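Remember, predicted model here, so these are calculated numbers, not experimental data. The sequence lines fix the lettering, A, B, ..., with proteins before strands; numbering per chain opens at 1.
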2 protein chains.
Amino acid sequence: MGMPADERLGLDIKRAEQTLMAAKQAAIRPAGLTVPQYAALFALAGNPGISGAALARACLVTPQAMTVVLKNLEERGFIERSPHPWHRNVLETRLTEPGRAALEAADDRAVVIERAIEAEFTSDERAALRELLARCNSAVARVAREL
Amino acid sequence: MGMPADERLGLDIKRAEQTLMAAKQAAIRPAGLTVPQYAALFALAGNPGISGAALARACLVTPQAMTVVLKNLEERGFIERSPHPWHRNVLETRLTEPGRAALEAADDRAVVIERAIEAEFTSDERAALRELLARCNSAVARVAREL
DNA sequence: CCCAGGTTATCAAAGCTTTGATAACCATCA
DNA sequence: TGATGGTTATCAAAGCTTTGATAACCTGGG
């Protein structure tokens, strides 16, 4: 193979993300939500009445994936969907009271993880990590466009 | 919510990983492999005869997830599985010739992404990013244990 | 007015992933 | 020898994700 596995920075990023997601999933699970459901409710809390497709964009998933998540959330009464009065083709989605409660319970637990990361670094280190990740992101996005 | 979204470092990590995976998927797809299939073949190339469960550990997925991936790879003739002569309960998995060819074709394309990341940073920056990610990883793993 | 382009929702198929549970096998220790 | 513990494979159910294709709706330019 052209490149040694331990030189591939992508693996370090993936490992960090995987550990993070596993921890978040474990944290959120007792609150009765999956990570995608949590992400959807979180975005929904900040954008009441948003459409499913817009929500999908906010959560970085496809509209089809979001449809499944929303279906499950609606079945459990965490969200409500009603036709848009003017755009009959749009379904407005809103948090219900139980939905907001579930989100807050999950978020209380998820924030523990974020605080642990915050506590590991100095403010300078946090900024450095942010900046390096952002540059990595741009570099990958650039090469992806010209693929 | 207790913590502003733009202070959560987890989101930066997730974004970087998501962009990276999207790019890798786009790169590998024309070679006829998915990312999990590519990861499995890659690990397999370095560990001929490895068991399915061990392969799952190497790829950071559950044994059940790996079973599905291996089933698809076997159907397409990219791997061969045969009972272990002594441990009758173990299936030894090996790359076939077409499997190795597919892996190399996919890897040629995937390495382009890794090279782009490499080119974005100086050697010092690469080391710094690695170290920050590793510390983040430990911090998250630590808090996950005592959850 | 009409149509083209963009957005929205949805169906279908395929694949990946997880939790939970079951069964078989091997190695070690009492 | 027999029991315990660890590893392996596998079934089942549920959920997430993607690609591909279809249909309905709104907006703006011709």
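Phosphate proximity of dA9(C) to Thr67(A): absent, as no side-chain N or O sits under 4.0 Å from OP1 or OP2. A sub-4.0 Å separation between OP1 or OP2 of dC16(D) and a side-chain N or O of Gln37(A) is present. The side chain of Arg57(B) contributes an N or O atom lying less than 4.0 Å from OP1 or OP2 of dT8(D).
If you measure from atom CD of Gln64(B) to atom P of dG20(C), you get 11 Å, rounded to the nearest angstrom. Counting to the nearest Å, the P atom of dT17(D) and the CG atom of Leu60(A) are 11 Å from each other. If you take CD of Glu92(A) and P of dT8(C), they are 13 Å apart, rounded to a whole angstrom. What separates CD1 of Ile28(A) from C1' of dG15(D) is a distance of 15 Å, to the nearest Å. Regarding Met66(A), its CE atom lies at a distance of 15 Å from the P atom of dT19(D), rounded to whole Å. For the pair Asn72(B) CG and dA13(C) P, the computed distance is 17 Å after rounding to whole Å. Atom CG of Leu70(A) and atom C1' of dT10(C) are 13 Å apart (whole Å). When the P atom of dT7(D) is taken as reference, atom CG of Leu91(B) falls 18 Å away, rounded to whole Å.
Taking the charged nitrogens against the carboxylate oxygens, Lys71(B) and Glu74(B) have no contact shorter than 4.0 Å, which rules out a salt bridge.
Nearest to the side-chain atoms of Pro36(A) among the listed nucleotides dT10(D), dT17(C), dT17(D) stands dT17(D).
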Pair Lys24(A)-Glu17(A), salt bridge (Lys or Arg N to Asp or Glu O under 4.0 Å): steps then yes or no: CA-CA 10 Å; Lys24(A) 234 166 201 176; Glu17(A) 197 266 355; over 6 Å; no
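Between Ile79(B) and the choices Leu70(B), Leu55(B), Val69(B), the side-chain contact (heavy atoms from CB on, under 4.5 Å) rule is met once, by Leu70(B).
Proximity of Arg135(B) to Glu125(A): side-chain heavy atoms (C-beta onward) are separated by under 4.5 Å at one or more points.
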